[in-house]
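What's counted below: heavy atoms across the whole structure, side chains too, no hydrogens, waters or symmetry copies. Numbering starts at 1 and runs along the sequence shown.
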Amino acid sequence: MRTVQFGPTDVQVPNVVAGMMRIKADGDEQIQELYGAAREAGIDFFDHADLYGFDHPGGGPHWCEHRFASALKLRPSEREQITLQTKTSIVAEPWHYDSSYEHIVSSAEESLKALDTDYLDVLLLHRPDALIEPEEVARAFDHLESSGKVRAFGVSNYTPRQIDLLKTAVKQPIVANQVQLSITHSTIVAQGLSSNMVGFEDSVTRDGGGVVEHARINRITLQAWSPFQKSFGGGLLLGAEDLPELNAALAQLAAKYDVTPAAIATAWITRHPAGIQVVLGTTKAERITEAAAGSDIPLTRAEWYGLIQAAGHNVP
């Protein structure tokens, strides 16, 4: 398992992360098996959110965090070996965003209880809040850091300018920005390739533009969620009948490197010099193992560009 530098810190983290979004209905044994497969593959970084599991019957906010801790019952020594990351700012009922001091602090404290831990390694703001007040966020981060409850902070789905606005008050480094990224859902990468190409879909500036470049300049680790999804809610790209050229290219490279297409889809992301972490969302132990095999596959430049072209993006 290859590691990358985490934000501006000296900490090294695996470039593949185990996401816990879908464990809400899993039994203890299945969660234990998933965790064991992740650790066996070299993954010691686990991604949560207070939102995950809110819609499970008998669940609610922090449900997946609770299931993770309840199933694993980690000893203090083992807890110290892993990184626990969670997110806040989405309120499910009624659906809205809340980045106030009170909500951030109370949610983080509930995550501590649900995860049965004394500290969170990383806390991310889950979605941009149009009503955000950077000073409120700064006060919350200061309190959580000084009390030893949270060690590092970041964001998710933020544009470069939204991060810059946050940093007008927040003094802690923004270590990560978790964004949707796959070979097909790769606008933040493809935009740069189509610069100065008027008339091409990829040349349209979205998300504020320069998400990847801004992260590299400011030493913010990008984390790719839904790395195998065609688009937001668009289904899996792996084996998709409407992506024959891409799947043929994935299969060819999988045969060359003696791995599965999932590993090649992972490798396409981890090959990028930005040092991106891939956040897996599967609840199947075997799929964790398959995807993690792409952590350090050294795709050539020709192979990397061939995949983004096969996905339908413009390489002028």
Side-chain angles (χ1 to χ4, degrees), residues 1-5 12-23 30 33-47 82-83 178-186 188-190 212 221-231 234-313 315:
M1 176 64 60
R2 187 159 61 86
T3 62
V4 294
Q5 184 176 341
Q12 292 289 313
V13 291
N15 64 0
V16 179
V17 173
M20 298 291 107
M21 183 177 71
R22 296 187 174 92
I23 65 170
Q30 188 172 356
E33 185 180 2
L34 185 70
Y35 176 82
R39 295 303 306 274
E40 181 67 23
I43 299 171
D44 57 13
F45 197 117
F46 297 87
D47 177 69
I82 67 172
T83 298
Q178 190 173 121
V179 295
Q180 186 171 7
L181 175 63
S182 68
I183 303 173
T184 50
H185 187 95
S186 52
I188 61 173
V189 174
V212 176
T221 297
L222 292 173
Q223 299 177 338
W225 60 270
S226 288
F228 307 139
Q229 291 286 318
K230 288 189 285 186
S231 60
L236 288 176
L237 63 89
L238 299 171
E241 293 182 358
D242 58 341
L243 294 170
E245 185 179 351
L246 174 59
N247 277 283
L250 289 169
Q252 182 179 20
L253 290 172
K256 172 184 174 180
Y257 289 102
D258 193 24
V259 293
T260 65
I264 299 301
T266 298
W268 184 83
I269 298 173
T270 59
R271 170 63 178 83
H272 198 284
I276 303 170
Q277 290 182 293
V278 175
V279 183
L280 303 177
T282 183
T283 60
K284 305 295 184 184
E286 62 272 19
R287 292 177 185 169
I288 284 270
T289 303
E290 290 176 0
S295 165
D296 55 3
I297 289 177
L299 292 178
T300 67
R301 285 175 173 266
E303 290 166 347
W304 189 91
Y305 277 105
L307 286 170
I308 198 170
Q309 285 181 287
H313 286 287
V315 179

K.L.:
Could you measure the distance from the CG atom of Leu250 to the CG atom of Leu243? Nearest 0.5 Å is fine.
P.N.:
9.0 Å
K.L.:
Tell me if the CZ atom of Arg39 is crowded by more than 12 foreign heavy atoms within 6.0 Å.
P.N.:
yes
K.L.:
Is it true that, when you exclude Glu40 itself, more than 12 heavy atoms of the residues, nucleotides or ligands shown sit nearer than 6.0 Å to its CD?
P.N.:
no
K.L.:
Is it true that, when you exclude Asp242 itself, more than 12 heavy atoms of the residues, nucleotides or ligands shown sit nearer than 6.0 Å to its CG?
P.N.:
yes
K.L.:
Could you check whether any side-chain N or O of Ser182 sits under 3.5 Å from a backbone N or O of His185, counting only pairs where one atom can act as donor and the other as acceptor?
P.N.:
yes
K.L.:
Report yes or no: do Ser186 and His313 form a side-chain donor-acceptor pair below 3.5 Å?
P.N.:
yes
K.L.:
Give a yes or no answer on whether the side chain of Thr266 reaches the backbone of Gly294 with a donor-acceptor pair at less than 3.5 Å.
P.N.:
no
K.L.:
Would you check if Val16 and Gln277 make a side-chain contact, meaning some heavy-atom pair closer than 4.5 Å?
P.N.:
no
K.L.:
Just verifying a value: how many Å separate Gln252 CD and Ile264 CD1, rounded to the nearest 0.5 Å?
P.N.:
10.5 Å
K.L.:
Please test Asn15 against Val278 for side chain to side chain contact (heavy atoms under 4.5 Å, CB included), starting from the C-alpha separation and ending with a verdict.
P.N.:
CA-CA 6 Å; Asn15 64 0; Val278 175; over 6 Å; no
K.L.:
Taking side chain as C-beta onward, heavy atoms only, is Val4 less than 4.5 Å from Ile276?
P.N.:
no
K.L.:
Identify the two heavy atoms, one from Thr282 and one from Leu34, that lie closest to each other, and give their separation to 0.1 Å.
P.N.:
O-CD1, 3.8 Å
K.L.:
Could you give the distance from CG (Leu280) to CZ (Phe45), rounded to the nearest 0.5 Å?
P.N.:
12.5 Å
K.L.:
Minimum heavy-atom separation for Pro14 to Met1, with atom names?
P.N.:
CB-CG, 3.7 Å
K.L.:
Minimum heavy-atom separation for Tyr35 to Ile82, with atom names?
P.N.:
OH-CG2, 3.6 Å
K.L.:
Report the distance from atom CH2 of Trp268 to atom CG of Leu253, rounding to the nearest 0.5 Å.
P.N.:
13.0 Å
K.L.:
When you check the side-chain N and O atoms of Gln223 and Asp47, is any donor under 3.5 Å from an acceptor?
P.N.:
no
K.L.:
Give a yes or no answer on whether the side chain of Thr221 reaches the backbone of Gln5 with a donor-acceptor pair at less than 3.5 Å.
P.N.:
yes
K.L.:
Restricting to non-hydrogen atoms, name the atom on Gly239 and the atom on Asn247 that form the minimum distance, rounded to 0.1 Å.
P.N.:
N-OD1, 2.6 Å
K.L.:
Using every non-hydrogen atom in the two residues, find where Val212 and His272 come nearest and quote the distance to one decimal.
P.N.:
CG1-CE1, 3.7 Å
K.L.:
Rounded to the nearest 0.5 Å, what separates atom CD1 in Ile308 from atom CD1 in Ile183?
P.N.:
9.0 Å
K.L.:
Any Lys/Arg nitrogen of Lys284 or Glu290 sitting under 4.0 Å from an Asp/Glu carboxylate oxygen of the other?
P.N.:
no
K.L.:
How about Glu303 and Tyr257: does a side-chain donor come under 3.5 Å of a side-chain acceptor?
P.N.:
yes
K.L.:
Do you know the tightest heavy-atom contact between Ala249 and Leu307?
P.N.:
CB-CD2, 3.9 Å
K.L.:
Looking only at atom types and distance, does a side-chain atom of Arg2 sit under 3.5 Å from a main-chain N or O of Thr270, one as donor and one as acceptor?
P.N.:
yes
K.L.:
How long is the span from the CZ atom in Phe228 to the CG atom in Leu237, to the nearest 0.5 Å?
P.N.:
8.0 Å
K.L.:
Closer than 3.5 angstrom, by distance alone: can the side chain of Trp304 be matched with the main-chain N or O of Arg271 as a donor-acceptor pair?
P.N.:
no
K.L.:
Between Arg301 and Tyr305, does any side-chain donor sit less than 3.5 Å from a side-chain acceptor?
P.N.:
no
K.L.:
State, with a plain yes or no, whether a side-chain heavy atom of Leu236 is found less than 4.5 Å away from one of Lys230.
P.N.:
no
